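So you know, we letter chains A, B, ... as the sequences are listed, proteins then strands, and number each from 1. None of the values given here were measured: they were computed from a predicted structure.
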There are 2 protein chains.
Amino acid sequence: MGDKKNKKSGERCALQEILGVIGGKWSMSIIYALFDGKKRFSELERLVPNINTRMLVKELKNMEANGIVVRKVFATVPPTVEYTLTTKGKKLEPIINELYKWGVEYVG
Amino acid sequence: MGDKKNKKSGERCALQEILGVIGGKWSMSIIYALFDGKKRFSELERLVPNINTRMLVKELKNMEANGIVVRKVFATVPPTVEYTLTTKGKKLEPIINELYKWGVEYVG
DNA sequence: CAACAATACTTTACTTTTGAAAGTAGTAAC
DNA sequence: GTTACTACTTTCAAAAGTAAAGTATTGTTG
């Protein structure tokens, strides 16, 4: 059975899986905000333009489940929660930066 | 007024604009399918896993409006329509390939 | 002591977007 | 005249997203 065709279609499915993880409307913006270090929930709310609380919670949970961010809770009052990129998440920095450059050249 | 802060927030908004263009669920998969040359509408339907007609039409229109693909109609019966990447669209190839590599290493 | 503030979410009600399936237009072959 | 072919369009239900208000905990303020 044609190797090339099967490989290509495998690649296509893999790409969709990948986009399922970081292809949403908000993921990359959140990752981008985390490039310069840990951020608290409320900081992220301010740093990601137009996102709402519910979506930020949802995306962060999803990203945590996918090993892109780490959530660390401190038992303070009021509560403190810090989000950080994992190594896996940090590796997206050059890619998102390239995407940004592409956009600056062609979109803006 | 703080230069660094303004630049950063400008970048964030730009990133969101960019993601508005190619950050949807389907755009990158369609672009990926177009990397190896022009494709007809029906070919794209087959090449992009799980997409439906309505979404493919919508995304292609959007991408055409954003100068990422070119739509060429031939007055045949039944009709033939070819979609091709513009230069702007082609420039995404290395970026999407990097994303794919990232995914292979960390998602799959 | 009661009201208020602060953070990190949850919940609810509503709007928008997406998806599946069926339909349309135009012509040519049978 | 029925079927086939391509590239859409339409319809309607389901899923996802948004805005705004609510919850839990405890420390400070009046």
> Could you give the distance from CG (B:N97) to CZ (B:F35), rounded to the nearest 0.5 Å?
Replying inline: 6.0 Å

>> If you define the side chain from C-beta out and look only at heavy atoms, does anything of B:L47 sit under 4.5 Å from B:I30?
In response: no

Could you pull out all donor-acceptor pairs under 3.5 Å where a side-chain atom in residues 53-64 of chain A meets a protein atom, sequence neighbours excluded?
{"unit_1": "A:T53", "atom_1": "OG1", "unit_2": "A:E45", "atom_2": "OE2", "d": "2.7"}
{"unit_1": "A:E59", "atom_1": "OE1", "unit_2": "A:S27", "atom_2": "OG", "d": "3.1"}
{"unit_1": "A:N62", "atom_1": "OD1", "unit_2": "A:N66", "atom_2": "ND2", "d": "3.3"}

> B:P79 and B:R40: which non-hydrogen atoms are nearest, and at how many Å?
Replying inline: O-NH2, 3.4 Å

> Does B:V48 offer a backbone N or O that forms a donor-acceptor pair with the side chain of B:S29 under 3.5 Å?
Replying inline: no

> Roughly how bent is the helix from C:dC1-D:dG30 to C:dC30-D:dG1 end to end, in steps of 10 degrees, with each end axis from five pairs?
Replying inline: 30°

> Contacts to DNA chain D from residues 55-77 of chain A, heavy-atom cutoff under 4.0 Å, which residues?
Replying inline: A:M55, A:K58, A:V77

> Can you find a heavy atom in the side chain of A:M28 that is under 4.5 Å from one in the side chain of A:L99?
Replying inline: yes

>> With salt bridge (Lys or Arg N to Asp or Glu O under 4.0 Å) as the rule and sequence neighbours excluded, what pairs involving residues 86-102 of chain B come up?
In response: B:E98-B:K101

> Would you say the side chain of B:I95 lies within less than 4.5 Å of the side chain of A:I95, judging by non-hydrogen atoms?
Replying inline: yes

> Quick one, which residues of residues 40-54 of chain A touch DNA chain C with a heavy atom under 4.0 Å?
Replying inline: A:R40, A:F41, A:S42, A:T53, A:R54

>> The criterion is salt bridge (Lys or Arg N to Asp or Glu O under 4.0 Å); which residues satisfy it with A:K39, sequence neighbours excluded?
In response: A:D36

> Does one hydrophobic cluster hold both A:I96 and A:V104, with members joined at side-chain heavy-atom distances below 4.5 Å?
Replying inline: yes

>> Please give me the minimum heavy-atom distance between A:A33 and A:L44, naming the atom from each residue.
In response: CB-CD2, 4.0 Å

>> With a strict under 4.0 Å distance from non-hydrogen atoms of chain A, what nucleotide opens and what nucleotide closes the contacted stretch of DNA chain C, reading 5' to 3'?
In response: C:dA6 to C:dT12

> Would you say A:V21 and B:Y106 make side-chain contact, with heavy atoms under 4.5 Å?
Replying inline: no

>> What I'd like to find out is whether the side chain of B:V73 reaches to under 4.5 Å of the side chain of B:R71, using heavy atoms alone.
In response: yes

> What residues, two or more places apart in sequence or in another chain, satisfy side-chain hydrogen bond (donor to acceptor under 3.5 Å, both in side chains) together with A:R46?
Replying inline: none

> If every non-hydrogen atom of B:E43 is compared with every non-hydrogen atom of B:K38, which pair is closest and at what distance?
Replying inline: OE1-O, 4.4 Å

>> Going by side-chain hydrogen bond (donor to acceptor under 3.5 Å, both in side chains), name the residues that satisfy it together with B:Y100, two or more places apart in sequence or in a different chain.
In response: none

>> B:T76: which residues meet the side-chain hydrogen bond (donor to acceptor under 3.5 Å, both in side chains) condition with it, sequence neighbours left out?
In response: B:T80

> Where along residues 19-39 of chain A does a heavy atom come under 4.0 Å from DNA chain C, residue by residue in number order?
Replying inline: none

>> Students should find this one: the first and last nucleotides of DNA chain D, 5' to 3', lying under 4.0 Å from a heavy atom of chain A. What are they?
In response: D:dG17 to D:dT26

